[in-house]
2 protein chains.
Amino acid sequence: MALFHPTPEQFAIENVLTALGNPTRLAVVRDLSDDGEHPCGSLVRGVAKSTMTHHWRVLREAGVIRQDPSGREVMLTLRRKELDARFPGLLDAVLLAAAEAADACAEAQAAAAAETAAVLPVAAPA
Amino acid sequence: MALFHPTPEQFAIENVLTALGNPTRLAVVRDLSDDGEHPCGSLVRGVAKSTMTHHWRVLREAGVIRQDPSGREVMLTLRRKELDARFPGLLDAVLLAAAEAADACAEAQAAAAAETAAVLPVAAPA
DNA sequence: CAAATTGTTCGAACGTTCACGAACGGTCGT
DNA sequence: ACGACCGTTCGTGAACGTTCGAACAATTTG
């Protein structure tokens with residue numbers, strides 16, 4: 001009873017876009033974008049295991065990730081080559097956009113931290 | 001009470017992906033990709049008006065389209081430049097993928113039609 | 001002014017998605 | 001064999017998305 005993986009011909013653009021259109025899943029794909037193999041457990045983000053299982057399934061059934069058991073873990077990989085062949089440029093554009101969004105978020109946090117430091121100079125580092 | 005349009009800084013990648021991850025909306029964006037101005041009514045696809053209003057709102061609030069009243073119509077335009085500036089390559093990749101999907105669909109229909117013609121030669125044209 | 005046209009708003013219905021905890025089934029170490 | 005570990009499955013509930021029809025507002029046409 002192996003996990004279902006669509007073939008590239010079965011990829012549907014709307015499924016891929018829907019899969020990537022969720023912050024949790026997009027963050028996972030971003031973590032996977034180094035093209036390494038990651039166990040499920042190394043990408044959990046503040047939600048229950050069963051919730052992540054749901055997200056893995058959405059990503060897998062859209063063709064975005066591969067998920068294959070290895071021992072007692074399940075290894076995740078981004079299906080980058082197949083995705084690129086089927087939807088050229090899409091994954092790169094999404095990853096670029098996601099990186100930009102993450103940067104903007106980091107900058108906003110840094111700005112907020114700087115403002116806090118200015119308002120509360122007592123807490124400012126030497 | 002003009003319709004709300006986000007500024008490019010307000011665009012969020014997850015909103016854009018979610019907006020494009022629906023077949024009806026993706027078809028609308030495809031129709032809009034000639035960069036012309038189209039009235040709402042020229043892009044209706046077999047669903048109720050109120051349903052299309054919903055889809056237009058989703059696309060507009062994600063920053064994908066601009067929607068401005070002109071007379072008793074509402075003209076739609078793709079916000080291609082702003083989208084490209086914010087998420088480089090994304091729209092092109094999605095449109096390319098959508099075109100490929102549409103082609104595959106057309107081929108499938110053609111193949112089905114050919115098969116029907118073979119099975120029912122009586123209905124075949126001279 | 002009255003009627004037709006265009007699209008929006010509203011409320012309701014229906015299905016799907018997202019989230020959780022509990023229970024389960026493999027796999028590894030002891 | 002036993003227990004710990006990893007992830008899935010199941011059932012549940014809240015939230016969301018999609019669809020519709022009816023009613024509405026604005027505008028053009030007769």
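Chain letters run A, B, ... following the sequence lines, proteins first, then strands; residues in each count from 1. As the structure is a prediction and not an experimental result, all values here were calculated from the model. Quick note: numbers below take in every heavy atom, side chains included, and nothing from hydrogens, waters or symmetry partners.
Using a 4.5 Å heavy-atom cutoff, the side chains of B:R57 and B:Q67 are not in contact. Residues B:H55 and B:N22 meet the side-chain proximity criterion, which asks for heavy atoms closer than 4.5 Å. Put simply, the side chain of B:M52 does not reach to within 4.5 Å of the side chain of B:K49, judged on heavy atoms.
Remark: C1' of D:dT9 and CG of A:L3 are 12 Å apart, rounded to the nearest angstrom. Rounded to whole angstrom, the span from the CG atom of A:N15 across to the P atom of C:dT17 amounts to 9 Å. Put simply, CD on B:E61 is 11 Å from P on D:dG17, counting in whole angstrom units. Rounded to an integer number of Å, the gap from CZ of B:R60 to C1' of C:dG7 is 12 Å. For the pair B:F4 CZ and C:dT8 C1', the interatomic distance rounds to 18 Å; values are reported in whole Å. The distance from atom CZ of A:R57 to atom P of C:dT16 is 13 Å, rounded to the nearest whole Å.
When all heavy atoms are compared, the tightest approach of A:R25 to A:T18 is NH2-O, 3.4 Å. Annotation for A:L17 and B:L20: closest pair CD1-O, 3.4 Å, computed over non-hydrogen atoms.
Under 4.0 angstrom from either OP1 or OP2 of D:dT19 there lies at least one side-chain N or O belonging to B:H55. Between A:Q67 and the phosphate of D:dT8, there is a side-chain N or O to OP1/OP2 separation shorter than 4.0 Å. Contact between the side-chain N/O atoms of A:W56 and the OP1/OP2 oxygens of D:dT8 is found at a separation under 4.0 Å. For C:dT8, the OP1/OP2 oxygens have a side-chain nitrogen or oxygen of B:T53 closer than 4.0 Å.
Under a hydrophobic-cluster definition in which Ile, Leu, Val, Met, Phe, Trp and Tyr are linked whenever side-chain heavy atoms come within less than 4.5 Å, directly or via other members, B:L95 and B:I13 are assigned to the same cluster. Cluster annotation: B:V47 and B:W56 are assigned to the same hydrophobic cluster (Ile/Leu/Val/Met/Phe/Trp/Tyr, side-chain heavy-atom contacts under 4.5 Å, transitive).
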Show the atom names and distances, to 0.1 Å, of all donor-acceptor pairs under 3.5 Å that link a side chain in residues 75-91 of chain B to residues at least two apart or in another chain.
| unit_1 | atom_1 | unit_2 | atom_2 | d |
| --- | --- | --- | --- | --- |
| B:R79 | NE | B:E82 | OE1 | 3.2 |
| B:R79 | NH1 | B:P6 | O | 2.9 |
| B:R79 | NH2 | B:P6 | O | 3.1 |
| B:R79 | NH2 | B:E82 | OE2 | 2.9 |
| B:R80 | NE | B:D35 | OD1 | 2.9 |
| B:R80 | NE | B:D35 | OD2 | 3.2 |
| B:R80 | NH1 | B:D92 | OD1 | 3.4 |
| B:R80 | NH2 | B:S33 | O | 2.8 |
| B:E82 | OE1 | B:R66 | NH2 | 3.2 |
| B:E82 | OE2 | B:R66 | NH2 | 3.3 |
| B:R86 | NE | B:P8 | O | 2.6 |
| B:R86 | NH1 | A:E100 | OE2 | 2.7 |
| B:R86 | NH2 | B:F11 | O | 3.2 |

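One donor-acceptor pair, N or O on each side, does fall under 3.5 Å between the base of D:dG21 and the side chain of B:S50.
Of all the residues in residues 68-79 of chain B, B:G71, B:R72 reach under 4.0 Å from DNA chain D with at least one non-hydrogen atom. Using a 4.0 Å cutoff on non-hydrogen atoms, the parts of residues 18-49 of chain B near DNA chain D are B:N22, B:R25, B:V47, B:A48, ordered by number.
Remark: side-chain polar atoms of A:E73 are not paired, donor with acceptor, to backbone N or O of A:S70 under 3.5 angstrom.
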